[in-house]
Amino acid sequence: MVRIVLLLVVVVAIVLLVPRLLSRGSASMPTVGSAAPSFTLPSQEGSPVTLHDYRGQWVVLYFYPKDQTPGCTREAHNFQVDQPKYSARHAVVLGVSVDSVDSHKKFCAKEGLNFKLLADTGGKVTGDYGSLKNLGVVKFAARHTFIIDPQGKIAKVYPGVDPNRHSEEVLAELDRLQKP
């Protein structure tokens, strides 16, 4: 009987604590129509990038968990291959993770990426976008994407993405959003 009670207490503790651990440190995501949270973060080149620098353009701001992992590499490759299509739509792609500038630099060099990857090592911007996952000792960005319109407002939120086809989805949404 004592074992059953103890097991029940452990199960209840897990059910109550695990979701809190997974969401800890993560604010709610900005909603469509709201102002995109501003930021300044260093890119893989070490130079600061500010959201305001892209006012007047469409911005695809995508958060990803980790440099040089299979899903993140595939997603980045697809965004890279589609860069001419983004340029034609007056859109810029910015990737954000909690990895360092040095990690981004190595990732870009190894994978031939020439769009900006931003280092949010403190997790503040990732948290402002409701994309920070905190597992206690490990923090990482959830795979979320935001399309920001030329006026700096959130136009589309992707709370979970398939890295294999995400760039295609974003391009189709940009076409839809840009229709007169």
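- The distance from atom NZ of K85 to atom CG of L174, rounded to the nearest 0.5 Å, is 12.5 Å.
- Among all heavy-atom pairs drawn from D67 and S103, the shortest one is OD2-OG, 2.7 Å.
- In this model, no donor atom of one side chain and acceptor atom of the other lie less than 3.5 Å apart for N114 and Q83.
- Taking NZ from K133 and CZ from R143, the interatomic distance works out to 13.0 Å, rounded to the nearest 0.5 Å.
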Q: Please report the C-alpha distance between D128 and K124 in whole Å, then the side-chain angles of each, then the deciding distance to 0.1 Å, and finally whether the salt bridge (Lys or Arg N to Asp or Glu O under 4.0 Å) criterion is met.
A: CA-CA 6 Å; D128 290 347; K124 184 191 178 325; 2.8 Å; yes
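- Of all heavy-atom pairs between Y129 and M29, the closest is O-CG, 3.3 Å.
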Q.
Pair D102, S100 - check side-chain hydrogen bond (donor to acceptor under 3.5 Å, both in side chains), show working.
A. CA-CA 5 Å; D102 190 49; S100 68; 5.3 Å; no
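- S34 is listed as a side-chain neighbour of T31, based on a closest heavy-atom distance under 4.5 Å.
- Using a 30° and 60° split on the angle between ring planes, F115 and F79 fall in the perpendicular class, above 60°.
- With hydrophobic clusters built from ILVMFWY side chains whose heavy atoms lie under 4.5 angstrom apart, V170 does not share a cluster with V157.
- Side-chain contact check for H166 and N78: no donor-acceptor pair (N or O, by modelled atom type) lies under 3.5 Å.
- Both L117 and I147 sit in one connected hydrophobic cluster of ILVMFWY residues. Membership requires side-chain heavy atoms under 4.5 Å apart, directly or through other members.
- Remark: the backbone N or O of K153 is paired with a side-chain donor or acceptor of D149 at under 3.5 angstrom.
- Nearest heavy-atom pair across R74 and P163 is CG-O, 4.1 Å.
- Linking Ile, Leu, Val, Met, Phe, Trp and Tyr residues whenever their side-chain heavy atoms come within less than 4.5 Å leaves L177 and V92 in two separate clusters.
- The CG atom of D99 sits 10.0 Å away from atom OG1 of T121, with the distance rounded to the nearest 0.5 Å.
- When all heavy atoms are compared, the tightest approach of L51 to A36 is CD2-CB, 3.8 Å.
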Q | side chain to side chain contact (heavy atoms under 4.5 Å, CB included) between H77 and T73, intermediate numbers included | A | CA-CA 6 Å; H77 272 252; T73 300; 3.4 Å; yes
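- A distance of 11.5 Å separates CD of Q57 from CD1 of I148, quoted to the nearest 0.5 Å.
- The side-chain heavy atoms of F39 and L94, taken from C-beta on, include a pair separated by under 4.5 Å.
- Inspection of the Y86 and S167 side chains reveals an N or O donor paired with an N or O acceptor under 3.5 Å.
- Contact detail for T40 and P48: the closest heavy-atom pair is CG2-CB, 3.8 Å.
- The closest donor-acceptor contact from the side chain of R176 to the backbone of A172 lies at 3.5 Å or more, if one exists at all.
- In this structure, H104 contributes its side chain and L118 its backbone to a donor-acceptor pair below 3.5 Å.
- A donor-acceptor pair under 3.5 Å is formed between the side chain of H144 and the backbone N or O of P159.
- Hydrophobic clustering keeps Y64 apart from F140 (ILVMFWY residues linked when any side-chain heavy atoms are closer than 4.5 Å, directly or through intermediates).
- In plain terms, the two heavy atoms of S43 and V101 that are nearest each other are O-CG1, 3.5 Å.
- Ion pair E45/K116 flagged as a salt bridge, since at least one NZ, NE, NH1 or NH2 atom sits closer than 4.0 Å to an Asp/Glu carboxylate oxygen.
- If you chain together hydrophobic residues whose side chains sit under 4.5 Å apart, F107 and V98 never meet in one group.
- The neighbour count for R165 CZ, taken as heavy atoms of other residues, nucleotides or ligands under 6.0 Å away, does not exceed 12.
- In this structure, R55 and P150 have side chains that are not in contact, with every pair of non-hydrogen atoms separated by 4.5 Å or more.
- One finds no salt bridge joining D175 and K179 here, because no Lys/Arg side-chain nitrogen approaches an Asp/Glu carboxylate oxygen to under 4.0 Å.
- Taking the side chain to side chain donor-acceptor pair (under 3.5 Å) definition, one finds that K110 meets it with nothing, sequence neighbours left out.
- Looking only at side-chain heavy atoms (C-beta outward), D82 and L171 come within less than 4.5 Å of each other.
- Below 30°, between 30° and 60°, or above 60°: for F146 and F63 the angle between ring planes is above 60°, a perpendicular geometry.
- Inter-residue side-chain proximity for K66 and S97 is flagged as unmet; no heavy-atom pair is nearer than 4.5 Å.
- The shortest side-chain heavy-atom distance between Q80 and E111 does not fall under the 4.5 Å cut-off.
- The side-chain heavy atoms of T145 and E169, taken from C-beta on, include no pair separated by under 4.5 Å.
- V49 places none of its side-chain heavy atoms less than 4.5 Å from the side chain of L41.
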